Amino acid sequence: SQQGEEDPQALSIQEGENATMNCSYKTSINNLQWYRQNSGRGLVHLILIRSNEREKHSGRLRVTLDTSKKSSSLLITASRAADTASYFCATDALDTDKLIFGTGTRLQVFP
Amino acid sequence: EAQVTQNPRYLITVTGKKLTVTCSQNMNHEYMSWYRQDPGLGLRQIYYSMNVEVTDKGDVPEGYKVSRKEKRNFPLILESPSPNQTSLYFCASSFPGREQYFGPGTRLTVT
């Protein structure tokens, strides 16, 4: 059962532009996490936002969470070619011990 | 260095030949998990373990077995691999409710 769905599936931008990815989920959560994956490699954790938080920052990353809409967004500001990767949201659902991933957004940043 | 290791990284095998993919972590994490990643489907959880001798099914457990006899190790066993188990496999570990640390992945091809 897919808990998180990212939008868009793919995004292409120029260096210096901002990239916004959205995630929607279905059930109540403890927290929502964003991960990055370079092609074929292991996922790397970016940021975790708890259900009682609305916004969180880490460097050029800004994550928002709207539990009433069951949605989150990841904003990468001033993007760089090195930000090219796939980005996944994952939800830690309230009544399970599972972390459920969405299908991801493929971000391409052109120099 | 804190890490999750998986072996082998690449494996080509034939239908029905039992195989084991090892996973080990050195961060004293209670929670460990196996995922498979297939194009267009994102990451799907196979099995997870909350602690030693405690394992539970994820979303796609059919055809797989796991064991958790020691805290640091969580091997994935395919008793009789089939071609539909050709995939990219990731092991991950974490403290409960926290960000997950992923291994580098094992690319399995079953012919």
Side-chain angles (χ1 to χ4, degrees), chain A residues 1-10 21 23-53 56 58 61 63 72 74 85-106, chain B residues 1-7 9-10 21 23-25 27 29-51 54-61 68 74 87-109:
Chain A
S1 59
Q2 211 76 42
Q3 168 75 310
E5 296 290 339
E6 283 96 337
D7 171 60
Q9 289 188 334
M21 289 157 264
C23 170
S24 60
Y25 58 92
K26 297 175 183 174
T27 64
S28 297
I29 60 172
N30 291 310
N31 63 64
L32 185 144
Q33 303 174 31
W34 285 91
Y35 289 81
R36 166 196 167 122
Q37 182 184 34
N38 288 84
S39 181
R41 298 194 173 186
L43 280 72
V44 175
H45 179 260
L46 295 175
I47 199 162
L48 181 154
I49 186 165
R50 302 199 182 281
S51 60
N52 61 353
E53 297 176 309
K56 207 162 183 181
S58 177
L61 306 180
V63 168
S72 174
L74 170 67
S86 290
Y87 292 82
F88 294 87
C89 70
T91 49
D92 183 356
L94 201 56
D95 56 353
T96 78
D97 299 316
K98 303 178 187 179
L99 189 66
I100 301 176
F101 285 81
T103 52
T105 293
R106 292 188 310 279
Chain B
E1 180 190 353
Q3 61 182 349
V4 178
T5 57
Q6 294 179 228
N7 282 292
R9 295 289 314 281
Y10 302 90
V21 184
C23 172
S24 183
Q25 51 93 6
M27 293 168 278
H29 288 159
E30 288 92 356
Y31 186 95
M32 296 187 75
S33 182
W34 276 103
Y35 299 90
R36 60 177 289 173
Q37 185 176 29
D38 302 289
L41 296 177
L43 273 80
R44 294 180 293 168
Q45 192 174 44
I46 303 170
Y47 269 95
Y48 63 98
S49 168
M50 294 297 292
N51 215 323
V54 180
T55 63
D56 212 341
K57 296 178 181 179
D59 293 321
V60 288
R68 187 91 182 274
F74 190 45
S87 188
L88 180 58
Y89 291 87
F90 289 102
C91 179
S93 72
S94 73
F95 293 115
R98 301 291 301 275
E99 67 274 16
Q100 294 199 356
Y101 291 78
F102 280 78
T106 294
R107 190 168 292 280
L108 172 65
T109 301

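In this text, all values refer to a predicted model and were calculated from it rather than measured experimentally. In what follows, every chain begins at residue 1, and chains take the letters A, B, ... in the order their sequences are listed.
Contacts of A:Leu48 with chain B are made by side-chain atoms alone, with heavy-atom separations under 4.5 Å and no backbone atom involved. In this structure, chain A has a heavy atom under 4.5 Å from the side chain of B:Arg107, while its backbone stays farther away. Looking at A:Gln37, the atoms closer than 4.5 Å to chain B (heavy atoms on both sides) all sit in the side chain, from C-beta outward. When heavy atoms are compared at a cutoff of 4.5 Å, B:Gln45 approaches chain A solely by way of its side chain, counted from C-beta outward. In this structure, chain A has a heavy atom under 4.5 Å from the side chain of B:Gln37, while its backbone stays farther away.
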Verdict with reasoning, A:Tyr87 to A:Tyr35, per ring-ring contact (aromatic ring centres under 6.0 Å, His included): CA-CA 6 Å; A:Tyr87 292 82; A:Tyr35 289 81; over 10 Å; no
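Side-chain contact of A:Asn31 with A:Gln33: a donor-acceptor pair under 3.5 Å is present, judged by distance alone.
For A:Asn30, there are no side-chain hydrogen bond (donor to acceptor under 3.5 Å, both in side chains) partners two or more places apart in sequence or in a different chain.
Centroid-to-centroid, the aromatic rings of A:Phe101 and B:Tyr35 come within less than 6.0 Å. You'll find the ring centres of B:Tyr101 and A:His45 outside the 6.0 Å limit.
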